[in-house]
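Just so it is clear, the values below take in all heavy atoms, side chains as well, and ignore hydrogens, waters and symmetry mates. As the structure is a computational prediction, the values presented were derived from the model and not from experiment. So you know, we letter chains A, B, ... as the sequences are listed, proteins then strands, and number each from 1.
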2 protein chains.
Amino acid sequence: MEAVNRGDREQTGTPTNGDVRRDDRGQAGTPVGGNAQRGDREHPGSPISGSAQRGGSDIPGGRRKQRVSMADVAKLAGVSSQTVSRVSNGHPGVIDSTREQVLAAMRELGYRPNSAARALRYGQFNTIGVILFSLASTGNSRTVEAIATHAAAEGYAITLIPIDVPTQDNVLGAFTRMGELAVDAVIAIIEIYLLDTVSVTLPPGVHVVVVDSDAGDRYSVVDTNQADGARQAVRHLLDLGHRTVWHVTGPRTSYAAQSRARAWRATLEEAGRPVPPALPGDWSAESGYAAGLALAGEPGCTAVFAANDQMALGLLRALHERGRTVPGEVSVVGFDDIPDSAYFVPPLTTVHQDFAEVGRRCVRQVLAQIRDGKSSPPGTDLVPTSLMVRRSTAPPPASAPAP
Amino acid sequence: MEAVNRGDREQTGTPTNGDVRRDDRGQAGTPVGGNAQRGDREHPGSPISGSAQRGGSDIPGGRRKQRVSMADVAKLAGVSSQTVSRVSNGHPGVIDSTREQVLAAMRELGYRPNSAARALRYGQFNTIGVILFSLASTGNSRTVEAIATHAAAEGYAITLIPIDVPTQDNVLGAFTRMGELAVDAVIAIIEIYLLDTVSVTLPPGVHVVVVDSDAGDRYSVVDTNQADGARQAVRHLLDLGHRTVWHVTGPRTSYAAQSRARAWRATLEEAGRPVPPALPGDWSAESGYAAGLALAGEPGCTAVFAANDQMALGLLRALHERGRTVPGEVSVVGFDDIPDSAYFVPPLTTVHQDFAEVGRRCVRQVLAQIRDGKSSPPGTDLVPTSLMVRRSTAPPPASAPAP
DNA sequence: CCGAGTAATGTTTACGTAAACATGATCCCG
DNA sequence: CGGGATCATGTTTACGTAAACATTACTCGG
């Protein structure tokens with residue numbers, strides 16, 4: 001009943017720690033002995049469901065301790081808590097027999113270091129905060145996953161704060177919360193405009209890395225090389241013989257979208273080609289569909305570069321519905337290389353983004369900052385892209401005017 | 001009551017945490033007065049990039065204080081640190097003038113409560129751990145997002161541990177790590193078989209909720225009502241007049257996949273229809289494509305239920321390539337209702353999963369456990385699904401035998 | 001066989017917060 | 001106008017850990 005305990009000690013009547021410390025067993029006696037023969041304890045090595053399920057109410061003495069501390073281990077092992085600390089942290093200078101005894105006591109009591117106390121002591125939390133707008137986009141979730149994986153490999157956990165509605169206030173709030181949370185650094189995966197006027201205030205010593213932004217003058221930025229990816233897409237189409245390339249953009253507020261659009265335009269201009277009006281999209285398949293409907297009515301249009309794969313999907317459906325074949329009459333290129341894109345009809349030629357690498361570099365940068373104790377200089381670290389050529393692109397139909 | 005706020009007290013225009021401490025103004029003088037006229041401080045309201053950028057190493061005095069503690073605020077405000085604590089937590093019994101003074105001092109120093117100390121004191125971390133296999137699937141990432149959002153609304157942060165390779169060892173390791181991390185509860189989004197023989201040992205008082213599993217006899221489980229969703233899909237096809245329904249399964253190791261397959265079979269049997277052999281898939285569009293190729297060779301096949309939308313996508317492509325029209329000759333139903341599915345060719349009829357609701361209920365359960373201080377009884381909380389009828393389903397071709 | 005040196009372990013203390021208890025001032029009512 | 005009640009605030013202490021310092025016990029060279 002009572003039982004299960006959390007830290008909310010009291011309430012269950014427990015004298016919590018009331019029963020006093022009382023360090024009998026002065027070490028006057030024999031600190032040695034080494035005989036860790038306490039195998040006959042009643043709790044089996046591994047109950048089916050783990051302690052989490054049974055809460056702890058079944059501890060015989062009735063006087064269950066909520067949390068096992070070093071002092072408890074020390075008492076059982078007949079040593080000082082400092083020795084337990086040394087064993088716990090693998091410090092040298094503990095004789096083998098003592099170490100064994102301590103380890104046995106730890107096992108028996110199920111000791112776990114208390115990370116809060118540790119963090120308090122060290123002023124470090126071994127945690128990286130991640131602020132992001134949405135996990136719904138493939139890119140973000142893959143990036144986060146990579147961040148989490150690499151952080152874990154380095155002994156860091158990640159704490160996530162999603163921002164439901166992307167306003168500057170909410171961004172500010174998220175940073176503020178991060179400042180109060182136990183994090184050593186923050187990785188922000190947010191659109192640039194949200195950082196524009198926000199003056200980020202974090203506790204000193206908390207470092208920041210930003211993804212998806214051109215704030216390279218103020219922060220350490222890691223990002224996919226958007227411009228180069230877009231350039232590759234456009235060049236690919238031009239090289240196939242298309243006279244020009246139309247473009248369905250992402251939302252105006254997105255840095256990545258702007259960047260891709262800018263590169264699209266620049267690449268066309270460099271090649272001396274006409275620049276058709278950009279069709280506005282918002283990343284959604286729906287907006288791509290709308291753009292596709294419009295484009296289907298443009299007889300001169302033989303090639304389209306969609307700023308992401310989902311819009312390309314909508315585009316493909318619209319073109320299909322309007323009877324314009326892909327790639328026979330119109331070629332389509334996307335951006336992202338989401339796993340599904342290879343199974344679109346037809347399989348989509350698209351720009352591959354290495355999200356895992358973006359995540360990896362974020363973690364690397366952040367850890368470098370933490371370890372050096374100082375921010376790395378602002379700057380931008382660009383991850384290269386590669387073009388995945390599949391079946392949605394081909395030379396323009398013969399009837400189309402060659403350049 | 002008052003001051004719901006958790007930590008996010010006033011962060012107004014904080015001068016970050018000004019450089020330098022400098023505790024003049026001993027409180028020997030007049031602790032009263034309320035004249036908070038310290039407007040003339042030198043640090044500007046908001047530096048462009050925030051303290052995070054300067055890392056702290058450039059602080060003149062050389063020996064900068066990393067963290068501003070209550071004691072610092074107390075000294076500046078000329079009160080005891082306990083009073084600062086009271087103000088910080090919105091406790092009553094602080095006279096207005098004093099409160100103002102403390103708040104001013106907080107602002108001036110850029111005080112932030114230290115969550116580690118707080119956690120140590122309370123034995124609570126206000127953090128929920130999430131263990132999951134992969135963020136790559138739409139379902140998982142959307143669930144996590146919902147969890148994070150709702151947790152944040154309740155003042156909880158979430159800590160993520162992804163498992164790269166799904167072995168029981170890794171799962172055990174993740175739980176162990178969680179046990180050492182500062183979390184009050186754990187939500188595990190993993191396939192059932194991974195929990196099978198793992199005896200989860202978490203510190204007492206850390207609660208567990210499981211998603212995507214039928215461990216309802218041992219844990220609190222929250223899940224989409226897989227069986228009912230599958231039943232709806234199959235019934236829909238039968239109601240359209242199809243004699244039977246083929247099925248492309250998810251991986252054998254997946255509980256959700258098993259559950260959908262079981263319901264598919266049961267629904268057919270209930271209706272007295274023949275049960276065709278199930279085609280094995282692994283959630284990927286690629287496996288759906290392979291299944292589609294096989295199915296295209298089955299003349300009797302007029303209806304297929306794919307265990308997820310991505311496999312349905314592959315299926316659609318394969319059928320399209322083989323010249324079998326959808327829904328003219330073959331009807332296809334998916335599962336998940338990923339955003340793109342409305343833009344497949346043709347738009348996919350599919351079973352909608354309410355991932356957000358799953359996340360919400362997870363958080364609700366976990367918080368209830370934390371607050372009650374005891375694990376809720378094992379059991380399963382099923383979130384309903386709904387069928388989204390789009391254009392990939394229709395009555396069977398006239399030539400097909402009616403039931 | 002003694003004393004310096006070192007290895008093993010114990011004791012004290014600080015980290016930042018907040019509950020519990022203590023103190024001093026003010027107020028109100030008989 | 002005295003004494004208890006109330007209020008605002010201060011002081012002590014514990015939370016769990018680990019660095020810094022202290023204390024033993026043992027080793028080894030002269």
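Using a 4.0 Å cut-off, no side-chain N or O of A:Asn89 falls inside it from OP1 or OP2 of D:dT17. In this structure, A:Thr98 reaches the C:dT9 phosphate: one of its side-chain N or O atoms is under 4.0 Å from OP1 or OP2. Between B:Thr83 and the phosphate of D:dG10, there is a side-chain N or O to OP1/OP2 separation shorter than 4.0 Å. At the phosphate of C:dA18, OP1 or OP2 sits under 4.0 Å from a side-chain N or O atom of B:Arg118.
Pairing each heavy atom of B:Asp184 with each of B:Gly123, the nearest pair is OD1-O, 4.4 Å. In this structure, B:Val68 and B:Leu109 approach most closely via the heavy-atom pair CG2-O, 3.4 Å.
Rounded to an integer number of Å, the gap from B:Met106 CE to C:dG16 P is 15 Å. Regarding B:Met70, its CE atom lies at a distance of 12 Å from the C1' atom of C:dA19, rounded to whole Å. Taking atom NE2 of residue B:His91 and atom P of nucleotide D:dT9, one finds them 15 Å apart after rounding to whole Å. In this structure, B:Gln124 places its CD atom 14 Å from C1' of D:dC15, rounding to the nearest Å.
The pair B:Arg371-B:Glu154 meets the salt-bridge criterion, since a charged nitrogen lies less than 4.0 angstrom from a carboxylate oxygen.
Sequence order on DNA chain C of the closest nucleotides to B:Ala117 and B:Gln82 puts B:Ala117 first from the 5' end.
Closest to the B:Tyr122 side chain, of the nucleotides C:dG16, D:dG16, C:dA18, is C:dA18. The side chain of A:Ser69 approaches D:dG16 more closely than any other nucleotide in the set D:dG16, C:dG10, C:dG16. The side chain of B:Tyr111 lies closest to C:dT17, out of D:dG10, C:dT17, D:dA18. Candidate nucleotides C:dT9, D:dT11, C:dT17 were compared by shortest atom distance to the side chain of B:Pro113, and C:dT17 ranks first. When each of D:dT11, C:dG16, C:dG10 is scored by its nearest atom to the side-chain atoms of B:Asn114, the top-ranked nucleotide is C:dG16. Residue A:Arg86 has its side chain nearest to C:dG10 when only D:dA19, C:dA18, C:dG10 are considered.
Here A:Val94 lies in heavy-atom contact (under 4.0 Å) with sugar-phosphate atoms only. Counting non-hydrogen atoms under 4.0 angstrom, A:Ile95 reaches the backbone sugars and phosphates but no base. Among the atoms of the strands shown, base atoms are found under 4.0 Å from some heavy atom of B:Ser80.
No side-chain heavy atom of A:Val130 sits less than 4.5 Å from a side-chain heavy atom of A:Val186.
A donor N or O paired with an acceptor N or O is not found under 3.5 Å between the base of C:dG16 and the side-chain atoms of A:Arg121.
Using modelled atom types, one side-chain atom of A:Asn114 and one backbone atom of A:Ala116 make a donor-acceptor pair closer than 3.5 Å.
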